[in-house]
Q: 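Got a structure for you, written out below as C-alpha cells; questions coming shortly.
Quick note on labels: first sequence line is chain A, next is B, and so on, each numbered from 1.
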Number of protein chains: 2
Amino acid sequence: MNLKQLSHMLALSQTTVSRALNGYPEVNEETRRRVIDAAKRHGYRPNPSARRLATGKTGMIGYVLPTGTAVDIDPHFVEFLSGLGDYARSHELDLALSPADADDQETTYRRIVANRQVDAVYISSPKPADRRVALVNTLGIPFIVHGRSEGLDFDYPFTDIDNEGAFHEAARLLVQLGHRRLALINGDDRETFAIHRERGVRRALAASGLVLGEGHVCSLAMTEENGYRAARRLLEQSDAPTAIACSSLIMALGVVRAVRDLGLTIPGDLSLIAHDDVFAWLKPENFSVPLSTTRSSIRLAGARVAERLAARISGLEEGARGEVWPVDLVIRGSVAGAPG
Amino acid sequence: MNLKQLSHMLALSQTTVSRALNGYPEVNEETRRRVIDAAKRHGYRPNPSARRLATGKTGMIGYVLPTGTAVDIDPHFVEFLSGLGDYARSHELDLALSPADADDQETTYRRIVANRQVDAVYISSPKPADRRVALVNTLGIPFIVHGRSEGLDFDYPFTDIDNEGAFHEAARLLVQLGHRRLALINGDDRETFAIHRERGVRRALAASGLVLGEGHVCSLAMTEENGYRAARRLLEQSDAPTAIACSSLIMALGVVRAVRDLGLTIPGDLSLIAHDDVFAWLKPENFSVPLSTTRSSIRLAGARVAERLAARISGLEEGARGEVWPVDLVIRGSVAGAPG
DNA sequence: CGAAAAGACCAAAGCGCTTTGGAAGACTCT
DNA sequence: AGAGTCTTCCAAAGCGCTTTGGTCTTTTCG
C-alpha cells in the first residue's frame with residue numbers, strides 16, 4: 001500500500017493525502033479524518049526511503065563506532081546505549097552505527113553527513129582538541145558531545161559530568177581523613193575525563209599543600225588487570241599511598257585483588273574510592289568491603305543525549321549550551337582515617 | 001556533485017555513467033575508465049537515499065535492541081558488536097539499531113522489514129520456540145540467529161557455540177576429580193544457551209549415575225550480585241556442592257566473594273569452572289585463584305555473524321545451515337579433587 | 001554481400017514521497 | 001456587484017538513483 005493507491009481509493013490527490021497525514025493546515029478537518037482513518041485501516045506506512053529522498057530527514061541518530069582488531073569497545077558504551085535506546089524508542093528514532101577505523105573516524109563522519117544518512121550525531125570519549133568535534137561542528141549537522149573536549153576555539157553543545165568536582169571531593173575527603181600520600185589510578189589520560197579527574201585530585205591536594213607524587217598517578221585502559229598492576233606498583237614502592245582514587249569499578253576490582261595479594265586490608269591499610277558509572281552487573285556496595293564511590297549514571301546521560309539530539313533535530317534546541325551534571329559522593333566502608 | 005552533473009561534464013548519459021560505475025558490462029572499457037576517473041576526481045558518491053529508493057538495498061544490517069527502564073543490555077552485547085563492527089567496516093556495511101519494547105520486538109521487526117530499512121537482520125539471545133525467529137523467517141529477509149532456538153518446526157541459519165558440550169566437558173572433569181555434588185549457577189533459563197548448559201551438566205552427571213540436585217541449580221540474570229547470592233545459598237545448605245559450574249565470569253566474581261565470606265577456599269573447599277566469553281576487561285587467569293573456564297570468544301562470533309549476513313545479502317549463502325562452534329576447556333587453578 | 005549479432009550508448013520511466021505553484025469555489029467587505 | 005481573501009484541493013515537478021527498452025554503429029559470418 002503506497003500513497004498513490006491510498007489516494008486513489010480516497011479519490012483525492014497524493015498532495016492532499018500527504019498533507020492530511022503530516023498535519024499540514026491546508027486540509028479540511030473532515031477530509032483529514034477520512035484520510036487518517038483509511039490509512040490506519042489499510043495499514044499504510046509511508047516508505048521511509050522515499051521520504052528521506054524527498055526530505056533529507058532520516059529519523060536516525062548516527063554514531064561512528066571505532067573498531068579494529070586491537071580496539072575494544074568498552075562496556076560503558078552498552079550502558080550509555082541503554083539510555084539512548086530507551087529514549088529513542090519513545091520518539092521513533094533509530095540508531096545508525098557506522099563502524100570506522102579507530103584511527104580515522106573523520107572520513108566516516110564526512111561520509112555519513114555528506115550522504116545525509118543521519119539527522120544528528122553524537123560523539124563520545126572526546127579528547128582535548130578533539131578533531132571529530134571540530135569536524136562535525138563545521139559540517140553543520142546537529143550534534144551533542146557526551147563529555148567535553150578542551151582547547152577548541154569555539155563553543156559546542158555537550159552533556160558531561162563534573163569529573164573534576166567529583167574527584168576533587170573524593171580527594172578532599174581523603175585528605176580530611178588524614179591521608180597525605182594519595183594516588184590516582186586513572187583511565188587513558190588522552191581523554192578529557194581523565195584529565196579532569198586528575199585535575200580535581202591535584203586541586204584538592206594543593207589546597208592542603210600536598211602534591212600528587214610523580215609515581216602516584218597511573219593512566220591505563222580501564223581493565224581489571226590494569227587496576228591490579230597499577231595497584232601493585234603503587235603499593236610496593238617505598239612511599240606507597242595510603243589512599244587511592246580510581247577511575248572505574250572494573251579497575252577497582254583489580255585494586256582489591258592486589259591489596260589482598262599483598263596481605264593488606266581496606267580500609268585499614270588503604271582507603272579506596274572509585275568512580276561508579278552504575279552498571280547493573282557490578283555494584284560497589286557488593287564489594288567485599290563496600291566501596292565508596294563517585295557516582296553518576298551513564299545510562300541517564302545516554303537518555304539525556306538522545307533527548308537533546310531529538311530537540312536539535314526538530315529545531316527546539318539551538319546554540320552551544322554545555323551542561324555539567326554534579327556527581328554524588330557515596331561514602332561506604334572502603335575509606336577510613338590514614339593508618340599510623 | 002550528483003549523477004546528473006557528472007554525466008553532463010562527461011557528455012554521457014546518466015545511464016552510461018551509472019553502468020560504468022556499477023561495473024555493468026555494456027560499456028566500453030575506455031569510457032568506463034574515464035568515468036571512474038572523473039568520479040574519483042570530483043569526489044562523486046552516489047546518494048544512498050536515492051539508490052535505496054531505486055534498488056531497495058540499504059547497505060545496513062538491522063538489530064532490534066530490546067529496551068525499557070527495567071531492561072539492561074548486557075555487556076556481552078558490546079563484545080559481540082566489536083566483532084560485528086570490525087567485519088562490517090571492511091565491507092561498507094552499517095548497523096541499524098532499532099530500539100523496541102523488550103516485550104514486543106515483533107512489531108519492530110515487522111516495521112523494519114516492511115519499510116525495507118535494512119538488508120538483513122540478526123537475532124541474539126534466542127529462547128525456545130522464539131517468536132522472533134519464526135517471524136523473521138516468514139518475513140523472508142536474510143537473517144542469522146546468534147545462538148539457537150528449539151522446538152521450531154523449520155530450519156534456520158544460525159551460528160552458535162556448543163554450550164551443551166562445553167558444560168558436559170566441564171562437569172565430566174569435575175566428576176572425574178571425585179566430585180559428587182555439583183551445582184550449576186546458570187543464566188536466565190528462558191534462554192536456550194542456559195538450557196543447553198544445564199543439559200550438558202546433567203548428561204555428564206548421569207553418565208556416572210549422579211544427578212543435579214533440586215536445589216543445586218540457579219537461573220538468574222548474570223550479575224555479580226546474583227552470583228554471590230546463588231553461591232551463598234548453595235554453600236550454606238546442608239548438602240553443599242563441592243564444585244560449581246558457572247555461566248559467566250561476572251557471576252563468578254560473586255561466587256568467589258561468597259566463598260571468601262564463608263571462610264572457604266578455592267579449590268580446597270570448592271572447585272569452580274565458569275564460562276568465559278573473552279572480555280578484554282576481565283580475564284579468568286587474573287582471578288585471585290586463576291579460574292578454569294569454558295572459553296569461546298563472543299567477539300569472533302560477532303564477526304562470523306556479520307560475514308554470513310554479508311554473504312546472504314549478496315546471495316552467496318543460502319539455506320538453513322546452522323554451525324556450532326566447539327568450546328575450549330581451559331584448566332587453571334580453580335579445580336582440584338573433591339575434598340575429604 | 002546481406003543478414004544477423006554484438007557493442008556502445010541514450011531517453012525516459014520508474015522508486016514513493018514532499019512541495020511548489022496554481023486554481024476553483026466560498027466568503028468578506030465596500 | 002466586483003475586488004480581494006480564505007479555504008480546500010490538485011497537477012506536476014522535484015529528490016538522485018537504477019533499469020527498461022530502444023537506436024545506431026560496427027563486426028561477424030554463411
Q: Can you tell me which residue pairs pass the salt bridge (charged side-chain N to carboxylate O under 4.0 Å, His left out) test with a partner in residues 95-116 of chain B, sequence neighbours excluded?
A: Asp94(A)-Arg111(B), Glu106(B)-Arg131(B)
Q: Considering residues at least two apart in sequence or located in another chain, which fulfil the ring-ring contact (aromatic ring centres under 6.0 Å, His included) criterion with His42(A)?
A: none
Q: Does anything in residues 68-83 of chain A form a salt bridge (charged side-chain N to carboxylate O under 4.0 Å, His left out)? List the pairs, not counting sequence neighbours.
A: Asp72(A)-Arg299(B)
Q: Assign a letter to each nucleotide of nucleotides 7-16 of chain D from its 5' end: B, base within under 4.0 Å of a protein heavy atom; S, sugar-phosphate only; -, no contact.
A: -BBBBB-BBB
Q: Can you pull out how bent the helix from dC1(C)-dG30(D) to dT30(C)-dA1(D) is, comparing the axes over its first five and last five pairs, to 10°?
A: 50°
Q: Answer yes or no: does a side-chain N or O of Tyr24(A) lie under 4.0 Å from OP1 or OP2 of dT19(C)?
A: yes
Q: Grab the CZ-P distance between Arg52(B) and dC17(C) for me, whole Å please.
A: 14 Å
Q: Under the ring-ring contact (aromatic ring centres under 6.0 Å, His included) test, which residues partner Phe279(B), sequence neighbours left out?
A: His76(B), Trp281(B)
Q: Could you list the donor-acceptor pairs under 3.5 angstrom formed by side chains in residues 301-310 of chain A, with sequence neighbours left out?
A:
from	atom 1	to	atom 2	distance (Å)
Arg304(A)	NE	Glu323(A)	OE2	2.6
Arg304(A)	NH1	Glu307(A)	OE1	3.1
Arg304(A)	NH2	Glu323(A)	OE1	3.0
Arg308(A)	NE	Glu317(A)	OE1	3.2
Arg308(A)	NE	Glu317(A)	OE2	3.1
Arg308(A)	NH1	Phe158(A)	O	2.7
Arg308(A)	NH1	Thr159(A)	OG1	3.1
Arg308(A)	NH2	Glu317(A)	OE2	2.8
Arg308(A)	NH2	Arg321(A)	O	2.8

Q: Which residue pairs satisfy the salt bridge (charged side-chain N to carboxylate O under 4.0 Å, His left out) criterion with at least one member in residues 3-24 of chain B, sequence neighbours excluded?
A: none
Q: Which side-chain N or O atoms in residues 135-147 of chain B pair as donor and acceptor under 3.5 Å with protein atoms at least two apart or in another chain?
A:
from	atom 1	to	atom 2	distance (Å)
Thr138(B)	OG1	Leu135(B)	O	2.8

Q: Starting from P on dT19(D), measure out to CG on Leu21(B) and report it in whole angstrom.
A: 13 Å
Q: On a heavy-atom basis, which atom in Leu10(A) and which in Ala38(A) lie closest, and how many Å separate them?
A: CD2-CB, 3.9 Å
